There are 4 protein chains.
Amino acid sequence: MIITLASYKGGAGKTTSAVHLAAYFQTLAPTLLLDGDKTKNALNWSQRGKGFSFRVAPVDQAARLAKNYEHIVIDTGQRPDAADLKEAVDACDLLIIPATPSPLDTDGLIQTVLALKKIGTDSFRVLLTKVPPPPERDALELRKLLEDEGVSIFKGEIPRLKAFEKAAGAGEIVQQTNDRNATRAWDSYMAVGKELM
Amino acid sequence: MIITLASYKGGAGKTTSAVHLAAYFQTLAPTLLLDGDKTKNALNWSQRGKGFSFRVAPVDQAARLAKNYEHIVIDTGQRPDAADLKEAVDACDLLIIPATPSPLDTDGLIQTVLALKKIGTDSFRVLLTKVPPPPERDALELRKLLEDEGVSIFKGEIPRLKAFEKAAGAGEIVQQTNDRNATRAWDSYMAVGKELM
Amino acid sequence: MIITLASYKGGAGKTTSAVHLAAYFQTLAPTLLLDGDKTKNALNWSQRGKGFSFRVAPVDQAARLAKNYEHIVIDTGQRPDAADLKEAVDACDLLIIPATPSPLDTDGLIQTVLALKKIGTDSFRVLLTKVPPPPERDALELRKLLEDEGVSIFKGEIPRLKAFEKAAGAGEIVQQTNDRNATRAWDSYMAVGKELM
Amino acid sequence: MIITLASYKGGAGKTTSAVHLAAYFQTLAPTLLLDGDKTKNALNWSQRGKGFSFRVAPVDQAARLAKNYEHIVIDTGQRPDAADLKEAVDACDLLIIPATPSPLDTDGLIQTVLALKKIGTDSFRVLLTKVPPPPERDALELRKLLEDEGVSIFKGEIPRLKAFEKAAGAGEIVQQTNDRNATRAWDSYMAVGKELM
DNA sequence: TGAGTTAGAATGGCACCACCCGTC
DNA sequence: GACGGGTGGTGCCATTCTAACTCA
C-alpha cells in the first residue's frame, strides 16, 4: 500500500503523521518512509535518535528501495493547489491531507478539497491534527463542514499534545517517549491506521 | 519602511503577523500590505470582514501602489532555503521570520538562520509566535539558543491565543474581536511594532 | 414549494427571514435561496462566512437551478405597490410579507394588503419581525388590526434580537452564532417554518 | 438651502429625519418638505395630525412652490446604487444618507458611499439613526469605519426611541409628543440641524 | 393630571467554574 | 498530586428603554 501525505498548509503535522503511520504499518509488514519534503524533517527526526523500526530514505531513492517493502509512506511537501494535489493522488493508493482546525485556513482547505473532488479523485482523506482539548469546538465544526460537503475524513483525530514534540526532539516515536500522554498520542495514530485497513 | 515576512516553516503565524504589524504601522502612517503567498490568506482575511484600516493587495500590484504608502508589509511564502531568504532580505529594509517553538523545526531554523548570517545579512529578525503559556519552556529555550548564536530576535513574543483565530475567522484585526484576551493579543503585536521603530 | 419574500417597506428583516426560512427548509429537503434584491444582501451574507447548508444564487439563475431543489425561497425587493406584489404572488405558492410594527408604516401596509386581497389573492401572509420585547404592544396592536381585517398572519413572530445582526455580520445562520439568545432567535423562525408545513 | 435625504437601505429613518430637519429649518426660515417617496409617508404623517408648522407637498409640485421657501428638504426614495445617489446629489446642496448601524448593510453602505466619493462628489453626509443605547457598540464601530474611510458623517446621532414612532403615529413632531424622551429625541435632531448651519 | 417608581427585557462586561494540558 | 494558564459555559450586575402603577 502506498500512502502519500500532503498538506494544504504548512505546520499541520504532516511529518508527524507520516512518521507515526509508518510506525504503525511497520507493526504489520516491512514499511518504508520516503521523505520528499524540502526541509527533510523526517530524515532529521530519524537521525536524531536511535533510529526507527522502519526504514527512512529520501524520496529520490524510491525506485531503488520500493520493491523491498510492503507499505510505503511518502511525506511530500506543502501543496496548496488542487492540481498539485491531483499529481500526488495519482501516484499513490491514498492521499492523506492533515489539517489543523484553524479558521484562517478553513476556506482555502475547503476550496482545494472540493476542487480535488471535482477533478474526479476520491482517493484522498482529511485527517484532523493538533486538535485542542474540549471545550474548544473548532475541530468539530471543521469536521461537520467537511462531512456536509461530502469530503472523506478520518473518524480518528490527533490531539495537540506536547508528547509529539518531545518525540520529535528526541528522535523517537511518540510511543517510546517519556510523557504522561505518550500512549494516548500513539493510540490516536493507531486508530487512524486501523481505519486505513 | 519595507518589511517582509517569510517563514522557515508553514503554520508559524506569518499571515497573522503580517496583518497585525500592518495594522500597527497604519496607526503611524499610511500602510500597504502586499500578499505574496500562494494561498492568498491575507487577502481572504481582509475580504471576509468589513475590511481593514490599511490597504491589502496582491504582491503583483506592488509597482502600481507602492508610491502612495509610507510603510509596506510584504507577506511572502514559505522559504526553507537560506538562498531564498537572502533574496527576500535584499528586497526590503527588514525581514521578519516568525517561528513557532517546536523541537521538530528548531534544527532546521537554526541552520537556515546561521546560513543567512554567513551569507552576510544582518537585516533580519526572528519573532517567536504561538508561544504556549508557562510553564512550557520551549520558547525560552529557543530564544536562548538563538541569542547564543547571535541571531537577532524580538524581545516581544506572540502568545498562542484563540483570539487570533477568532479574528481571522471574522475577518478582523484581533483588537476588534470579541474575546477575553483580545487586548493582550493586540498588545503583543504592538510591543513588536514599537521594537521596530 | 416556492416561497417569495417581499416587503412593503425596507428594513423589515426580509433578507434575514429569507435566509432563515431557507435554513429551515433545508432541514427537510434540498433548498435553494434565490437572491433577487438589488443590494444582493443574501449572497453577501452567505459569502461572508463559511457558507450555508443550502445553496444561494442570484435570481437570474432560477431557470438553470430550480429543477434540482425541492424548496425554493426567493428574496425579492421592496414592493410598496399592490400591483407589484400581485406579480410576485402569481409566481409562487406563498408570498410572505415581513413587517415591522411601526406606526409610521402601519397605514400603508394595511392599505396595500387590503388592495392585494381585493385583487383576488389570498396566498400571502404577513410575518411580524423585529418585535420589541414587552411591555411594548405595537406588535400586538398591528396583529389585531390585521386579523380584524381578515389578513392572514403568522402566529409566530420574530423578536428584535442582536443575535440576528451578529449572525449576518459573521455570515452565519443565527443558530450557529455565539450569542445568548441564538437558540431563541432560531426557534422563532422554526416556529414559522412549522406553520408553513 | 436644498437638502435631500436618500437612504441606501429602507427602514433607516429617512422620513423621520426629513420631517424633523424640516421642522428645525422652519424655526429659522420658511421651509418646504417635498415628499418624493413612493409610499408618501411624509405626506401621510402630516395629514394624520393637526399639520406641521412647515409646508409638506409631493415632489411634483417642486417647481410651483420652491420660490416661496428659504429651505427645501426633499425626502426621496431608497437608492442602493451609487449612480442613483449621484443624480440626487447633483440636484441639491447637501445629500444626507441616514443609516442604521447593522452589520448586514454595513458592507453595501461602505461600498456605495466610496463609489460616490470616487465619482467625485463630496457634498453628502451620513447620519447614524436608530442608534441603540449603550452598551451596544455597533454605532461606534460604523462611525469609526466611515471616518477611517474619510466619509463625512454627522457628529450627532439619532437614538432609537419609541418617541419617534409615537410622533409618527400621532401625526406630530416628536417635540410635541407625550413621551418622557420627547425632548431628548428632538434635541438629537436639533444638534444635527445646527451642524448643518 | 403629572412626576416618580417599579417590573421586564436585552445588551455588554465581569467573575466564577469545570476541564484540560504542562511542569515541578 | 499541586499549581498556573487558556477555553467555554453559566450566572450576575449595570445600563437602558418601555409601560404600568402610585402618589401628590
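This one's a predicted model, so the numbers in the text were calculated from it and none came from an experiment. Just the heavy atoms: all of them, side chains too, but no hydrogens, waters or symmetry mates, feed the values below. Throughout, protein chains are lettered first and strands after them, A, B, ... in sequence-line order, and every chain is numbered starting at 1.
- Closest heavy-atom contact between C:K14 and C:P98: CA-CG, 3.8 Å.
- Near DNA chain F, defined here as any heavy-atom distance below 4.0 Å, the residues from residues 172-188 of chain A are A:R180, listed numerically.
- The closest side-chain heavy-atom distance from C:R160 to C:V131 is not below 4.5 Å.
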- Task: Determine, stepwise, if the pair D:Y189 / D:F154 fulfils ring-ring contact (aromatic ring centres under 6.0 Å, His included).
- Result: CA-CA 11 Å; D:Y189 272 111; D:F154 285 97; 9.9 Å; no
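- Nucleic acid contact class of D:P135 (heavy atoms, under 4.0 Å, all strands): base.
- Two residues are said to be in side-chain contact when any heavy atoms from C-beta on lie closer than 4.5 Å; B:V192 and B:I158 meet this criterion.
- Summarising the geometry of A:F164 relative to A:A185, their closest heavy-atom pair is CZ-CB, 3.5 Å, with the distance given to 0.1 Å.
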Show me the donor-acceptor pairs within less than 3.5 Å that the side chains of residues 169-181 of chain D make with the rest of the protein, sequence neighbours left out.
| unit_1 | atom_1 | unit_2 | atom_2 | d |
| --- | --- | --- | --- | --- |
| D:E172 | OE1 | D:T177 | OG1 | 3.2 |
| D:Q176 | OE1 | D:I173 | N | 3.4 |
| D:T177 | OG1 | D:I173 | O | 3.3 |
| D:D179 | OD1 | D:N181 | N | 2.7 |
| D:D179 | OD2 | D:K166 | NZ | 2.7 |

Sequence neighbours excluded and cut-off under 3.5 Å, please list the side-chain donor-acceptor pairs for residues 101-108 of chain D, or say none.
| unit_1 | atom_1 | unit_2 | atom_2 | d |
| --- | --- | --- | --- | --- |
| D:S102 | OG | D:L104 | N | 3.4 |
| D:D105 | OD1 | C:N41 | ND2 | 3.2 |
| D:D105 | OD2 | D:K9 | NZ | 3.4 |
| D:T106 | OG1 | D:S102 | O | 2.9 |
| D:D107 | OD2 | C:R48 | NH1 | 3.2 |

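- Protein chain A contacts DNA chain F over a range whose 5' and 3' limits, counting nucleotides with an atom under 4.0 angstrom from a non-hydrogen atom, are F:dG1 to F:dG9.
- The two atoms that bring D:A12 and D:T100 nearest to each other are CA-OG1, 3.5 Å, heavy atoms only.
- Over its full length, the helix from E:dT1-F:dA24 to E:dC24-F:dG1 turns its helical axis through 40°, comparing axes from the five pairs at each end and rounding to 10°.
- Taking every heavy atom of both residues into account, D:S17 and D:G13 meet most closely at OG-O, 2.8 Å.
- Here the closest non-hydrogen pair linking C:H20 and C:W45 is CE1-CH2, 3.8 Å.
- Between A:L146 and A:I110 there is a side-chain heavy-atom pair separated by less than 4.5 Å.
- Between C:E195 and C:K155 the shortest heavy-atom distance is OE1-N, 3.0 Å.
- From the 5' end on, the contacts that DNA chain E makes with chain B at under 4.0 Å to a non-hydrogen atom open and close at E:dC16 to E:dC24.
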